[in-house]
Amino acid sequence: MRTGATGVVVWVASALLPTHARAGESEVIFVDATKSAGLDFRHWNGMSGQLYYPEVVGAGAALFDYDNDGDLDLYLVQGNLLGADGDRGQATVPWTGDWPPRDRLYRNDLEHGEDGASVRLVDVTDESGIKATGYGMGVAASDLDNDGWIDLYVLNLGANQLWRNEGDGTFSDRTEASGTGDARWSIAAAAADYDGDLDLDLFVVNYLNFSLVTHKTCLTERGEIDYCLPGAYQPVPDLLLRNDGYGRFEDATADAGLTSARPGNGLGVLAADLDRNGRLDFYVANDLMPNHLWINAGDGALVEEGLISGAALNADGEAEASMGVAGGDYDGDGDFDLFLTHFHRETNTLYRNDSEPGAPTFRDRTNAAALARPSWDATSFGTAFVDLDNDGWLDLAVVNGAVTFAAGRPRTKDDPFPLDQPNQAFLNVAGGSEGRRFDPAPAGLLDGAAPLVSRGLATGDIDNDGDTDLVITNNNGPARLLLNQGAAGDDWIGLAPRLDAARGHRPASGVTVRIHRGAASPLVRLAGASGSYTSSGDPRITVNPAGAEVSRVEVQWPDGTVEEWPAPPPAAYTGLVRGTGRRTEGQKEDGE
């Protein structure tokens, strides 16, 4: 640990780089910029002493460019009060704000100086017209009506909301008109073009059948009252909404075949081409139930192949308490592997993708990658594959927080919510039985001053300097902004895949990007905002070519077409607009 000139705490980790990267050691440095950036959001779960289950579940965040000025703005989801006859003063931790609890929108006013860009987050909730006062859980940020402006879909305990971006700094509530107001307990959503018609559909993940009427009192083995586990309630089916291209949606759940599988206790969702056949699939993280892998058949149908593919259970054949999900090519073999976060006394799980085109196959390689033991005592939620040390290999960020007092500490009057746990980072290094393993970064790297009850993790390049920054949401606590201050160098490449220019250069979601580097193996990245937990990240990607010369960039679009572009300029973001690249027949071998 060291202290910067401004007095903020700077946490540093060092990792020996693989031989193809820069020689020597690379520092992983995160600066807690929450206060300096003006981020004053504090989540309130409205707990009233009744231990209502939703109090420990939320809430998330979205990093997205709502004003199209080239930098990432921030949306944060708020909780509310359950019970207590609506009297917020009766909560265990009373609400002290000047307004009713609500979601908040912060505009990023980057200030550029000699020492780089400084993030300034300005609360523009009032002028935006957003009045999201439900019991919030998650948020998905995408252009849902094809007008070139990113909209917000907010997931709630109760009716969800779709906020349409009007392009003038304001949002309008289009929930009823769009047909998206699912009234069940929704946790997360993925906006992705599953049917290949170049607009973004919505896969909505629902959790449990909970209400104040169905609330149950749960006890520990010692007879003490505690928060329930998901088995106390019935699961609620997920929802697939097909976009008509103009921001109106129809329920395609049954037509797509989602009713063919037993509902799961859904908490996380990822959209990606997981079986390498050119179509977008959906992976759903279910809490204490087998996970779902919905393979896209290409005719509007989704086929559940979680069990047969090996991605539903761990290596011991057990369903785990899956919460967050991340997809990325951690081993450099060109496909997307899966990482799942779980409850304490389980391990987080790494599934290596061994799929042949059209034949999804996953294997639990958690122990082989040295990820089992470090996660045994943690209850983990938000997660992401991210290159923390800018060496070209994807590392892992994981945020933690308990959900039961039995897994945390006993409650006291001075500490009524003792569920805080340290967050974790794992650096991808050479070694292990299969060539790659993950080494834990030093404790505190992602914690700032002290651990909190972390839930959401939104990742993105907030200061546009070529590395990935983090926003961490904390249940009943402050949101934190951690800026990555590791040396990205001058050869980083930023890519922004966008759908056709005729409808506003809309950010794409779930697309596969390959950065070819001559004789070196390609860097394969997933562009889009899904995954993690209750949160939505930067749709752009940044890569460090690790000393190799980039020859070309290739994008596989959701409709199966593949286009390529010559090497983009370094140290800048380049838009890759569908229809402007050279169309190819598919992935080429390097050197062709």
Side-chain angles (χ1 to χ4, degrees), residues 187-188 190 192 194 203-208 229-231 233-240 253-277 279-328 330 335-343 346-369 371-372 375 380 383 510 530-531 533:
I187 299 292
Y194 97 97
F203 193 111
V204 182
V205 173
N206 291 317
Y207 193 31
L208 300 172
L229 294 178
Y233 300 93
Q234 291 297 313
V236 177
D238 296 333
L239 174 69
L240 179 64
T253 308
D255 290 345
L258 266 65
T259 55
S260 65
R262 180 188 177 191
N265 302 320
L267 286 175
V269 59
L270 177 78
D273 178 12
L274 295 172
D275 64 346
R276 300 171 53 201
N277 69 350
R279 296 185 291 265
L280 287 185
D281 312 302
F282 294 101
Y283 185 85
V284 180
N286 290 322
D287 193 358
L288 288 177
M289 296 181 70
N291 299 322
H292 287 150
L293 174 58
W294 292 103
I295 294 296
N296 195 331
D299 57 359
L302 297 173
V303 181
E304 209 291 294
E305 297 193 14
L307 284 173
I308 196 172
S309 70
L313 308 172
N314 66 12
D316 295 324
E318 297 173 341
E320 297 175 290
S322 298
M323 290 174 275
V325 55
Y330 86 93
D335 50 31
F336 296 126
D337 311 293
L338 297 169
F339 181 74
L340 279 295
T341 57
H342 295 130
F343 194 56
E346 295 177 339
T347 69
N348 295 335
T349 302
L350 177 69
Y351 294 100
R352 189 186 67 201
N353 192 338
D354 291 333
S355 301
E356 296 295 331
T361 304
F362 291 85
R363 291 183 173 85
D364 182 346
R365 309 309 296 163
T366 309
N367 280 302
L371 284 167
S375 61
S380 303
T383 186
S530 66
Y533 175 78

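FYI, side chains are in, hydrogens and waters are out, and symmetry mates aren't considered; it's all heavy atoms of this structure. Positions are given from 1, in the same order as the sequence printed here.
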Practice task
Decide yes or no on side-chain contact (heavy atoms from CB on, under 4.5 Å) for Leu274 and Phe362, but give the supporting numbers first.
Solution key: CA-CA 10 Å; Leu274 295 172; Phe362 291 85; 4.2 Å; yes
Practice task
Please check if any side-chain donor atom of Thr349 sits under 3.5 Å from a side-chain acceptor atom of Asn314, or the reverse.
Solution key: no
Handout entry: Distance (rounded to the nearest 0.5 Å) between Met323 CE and Thr383 OG1
Key = 11.5 Å
Fill in the blank from the handout: Correct closest heavy-atom pair for Leu302 and Leu240 would be CD1-CD2, 4.0 Å
Handout entry: Side chain proximity check, Asn286 to Leu267, heavy atoms < 4.5 angstrom
Key = no
Problem - Note, Leu258 side chain near Pro237 side chain (heavy atom, < 4.5 Å) - result: no
Exercise for the section: Please tell me if the side chains of Asn265 and Leu208 come closer than 4.5 Å, counting only heavy atoms from C-beta onward. Expected result: yes
Practice task
May I ask you to test the Tyr283-Leu340 pair for a side-chain heavy-atom distance under 4.5 Å?
Solution key: yes
Exercise for the section: Heavy atoms only: give me the nearest Gly324-Thr341 pair and the separation to one decimal. Expected result: N-OG1, 2.7 Å
Exercise for the section: Flag the pair Tyr194 / Phe282 as yes when at least one side-chain heavy-atom distance between them is below 4.5 Å, and no otherwise. Expected result: yes
Exercise for the section: Any chance you could measure Ile295, atom CD1, to Asp273, atom CG, to the nearest 0.5 Å? Expected result: 8.5 Å
Problem - Minimum heavy-atom distance between Asp287 and Ala321, given as atom pair plus value - result: OD1-CB, 3.1 Å
Fill in the blank from the handout: Closest heavy-atom pair, Asn367 versus Ala372, reported as atoms and distance to 0.1 Å, is OD1-CB, 3.2 Å
Problem - side chain to side chain contact (heavy atoms under 4.5 Å, CB included) partner of Tyr533, the single match among Val269, Val325, Ile187 - result: Ile187
Exercise for the section: Classify the side-chain pair His342/Ser380 by whether it contains a donor and acceptor separated by less than 3.5 Å. Expected result: no
Problem - Student check: side-chain heavy atoms of Thr253 and Asp255 closer than 4.5 Å - result: no
Handout entry: Spacing of Asp335 atom CG and Asp354 atom CG [to the nearest 0.5 Å]
Key = 7.0 Å
Practice task
Could you check Glu318 against Glu346 for side-chain contact (heavy atoms from CB on, under 4.5 Å), going step by step and ending with a plain yes or no?
Solution key: CA-CA 10 Å; Glu318 297 173 341; Glu346 295 177 339; over 6 Å; no
Problem - Spatial distance of atom CG (Asp364) from atom CG (Leu338) [nearest 0.5 Å] - result: 11.5 Å
Exercise for the section: Indicate yes or no: at least one non-hydrogen side-chain atom of Glu304 is less than 4.5 angstrom from one of Leu293. Expected result: yes
Handout entry: For Phe203, the option from Leu270, Leu239, Leu280, Val284 that meets side chain to side chain contact (heavy atoms under 4.5 Å, CB included)
Key = Val284
Problem - Shortest non-hydrogen contact from Ser309 toward Pro360 - result: CB-O, 3.4 Å
Problem - Minimum heavy-atom distance Ala285-Ser322, with the two atoms named - result: CB-CB, 3.7 Å
Practice task
Kindly indicate whether the side chain of Tyr207, heavy atoms from C-beta on, has any atom under 4.5 Å from the side chain of Val236.
Solution key: no
